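Worksheet: one structure, shown below.
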Amino acid sequence: MTAQLRAALDALPAYTPGRTVPGAVKLASNEMPFPPLDSVVRAIADAAAGINRYPDNGAGALTARLATRFDVDPARIAVGCGSVALCQQLVEATCVAGDEVLYPWRSFEAYPIITAVVGATSVQVPLTDEALDLDALAAAVTDRTRLIFVCSPNNPTGTVVGRAALDAFLDAVPDRVLVVLDEAYREFVDDPAAVDGIEYARGRDNVVVLRTLSKAYGLAGLRVGFAVGAPEVAATLRKIGIPFAVNALAQAAAVASLDAEDELLARCRQIVDERVRVRDALLTAGFDVPATQANFVWLPVRHRAGEFAAHCERAKVIVRPFTHPENGGVRVSIGTADQNDAFLAAALSFG
Ligand SMILES: *Cc1c(COP(=O)(O)O)cnc(C)c1O
């Protein structure tokens, strides 16, 4: 007989990673399409020489580097095995069974899974015109609300939260509620009205910002993210993280990536130029595509999401469908110019 597992987990959807299909272009996981920099590969090789030893559990060198780069006290920083691990640690740090985690929906698909794993209750607030509705979100706060995820740019719709709207939202939310600004795509933002979460995390004790090395910095395979927040919150995150969760190669690669930041951010600007080109081509072809500040575009094709993705796959382009009659659509990562051309050819021949 199988051992007894938590019944609440039966209904849990498994996280669906973007699919990798041999010979096809993968635009399904918001990764950078470029190979790692030589300097980063060298740092990983050097670190590999020491992997008979445990990594630095406090990630001291990386934390110090982040503190300098973002001008924050190292006591306000916690690193994690990808920022998704930090999402889970934040829910664990704030919630027990029956507490509520509030977030807009559709948003990052890990939020409902993490919330259920911890035994808390998800409260989802619908988007308005594919964007976060912060007034509706503030209105949904209850006595049981412990944590609110605000994803900007929002995965999968690409929309950002503006400063005035966020200020009003944070003023309306009680200080006892932790607001998590998930900025996995911040480096692709070029709208001057968009928020910079690190400024908020410095100024408000109930705000935590999450950033990742997986997207703009091209280290998705190594798993490094970080949180900036109040020292008490950062200390708790460090306490409850799995020991040695950020491995030695990841720490070395993250430091080397920060050293090569100019080169990596220039790649991001290339992606931003391509994002504009891809969106314009889709709009011209008659698709509805919300303004995006991330490294992907969102096509709110609703019930046709699966059909659209299958059509692209026949053209050897893998995109990411989210099937739902009301809030479904297809998320397409921005790749190299050639990859984007392959996607556009497929999209424009969708009947
Ligand atoms: C990709 C992503 C993350 C996490 O990435 P990690 O690889 O775990 O650092 C977090 N939030 C959002 C919204 C994302 O899209």
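Both ligands and their constituent atoms are indexed starting at 1 by order of listing. Note that the structure is a prediction, hence the values are computed from the model and not measured.
Checked against a 6.0 Å centroid threshold, the rings of F108 and Y103 do not count as neighbours. In this structure, F226 has its ring center under 6.0 Å from that of F70.
Using a 4.0 Å cut-off between charged nitrogen and carboxylate oxygen, R163 and D191 do not count as a salt-bridge pair. Between R277 and E274, at least one side-chain nitrogen of the basic residue sits less than 4.0 Å from a carboxylate oxygen of the acidic one, meeting the salt-bridge criterion.
With hydrogens left out, the protein atom closest to atom 10 (C) of ligand 1 is S83 OG, 3.3 Å, a heavy atom. Of all protein heavy atoms, the one closest to atom 8 (O) of ligand 1 is R223 NH2, 2.7 Å.
The option from D182, N155, N30, V84 that lies nearest to atom 11 (N) of ligand 1, judged by heavy atoms, is D182. Residue S214 holds the heavy atom nearest to atom 7 (O) of ligand 1 of all those in C87, G221, S214. Of the candidates S152, C151, A85, C151 brings a heavy atom nearest to atom 13 (C) of ligand 1. Of the candidates R211, K215, E31, it is K215 that places a heavy atom closest to atom 2 (C) of ligand 1.
Applying the 4.0 Å criterion to heavy atoms of Y185 picks out, from ligand 1, the atoms 1 (C), 14 (C), 15 (O). Within the listing of ligand 1, atoms 2 (C), 3 (C), 10 (C), 11 (N), 12 (C), 14 (C) sit less than 4.0 angstrom from a heavy atom of A184. Numbered from 1 in the order shown, with element, the atoms of ligand 1 that lie under 4.0 Å from a heavy atom of T212 read 5 (O), 6 (P), 7 (O), 9 (O).
Residue E31 forms a salt bridge (charged side-chain N to carboxylate O under 4.0 Å, His left out) with just one option from R320, K215, K26, and that option is K26.
C268 is linked by a side chain to side chain contact (heavy atoms under 4.5 Å, CB included) to M32, E187, F188, A216, L265, counting only residues two or more places apart in sequence or in another chain. For T145, the side chain to side chain contact (heavy atoms under 4.5 Å, CB included) test picks out E100, L102, V141, T142, I148, V177, with sequence neighbours left out.
The closest approach between a heavy atom of G225 and any atom of ligand 1 is not below 4.0 Å.
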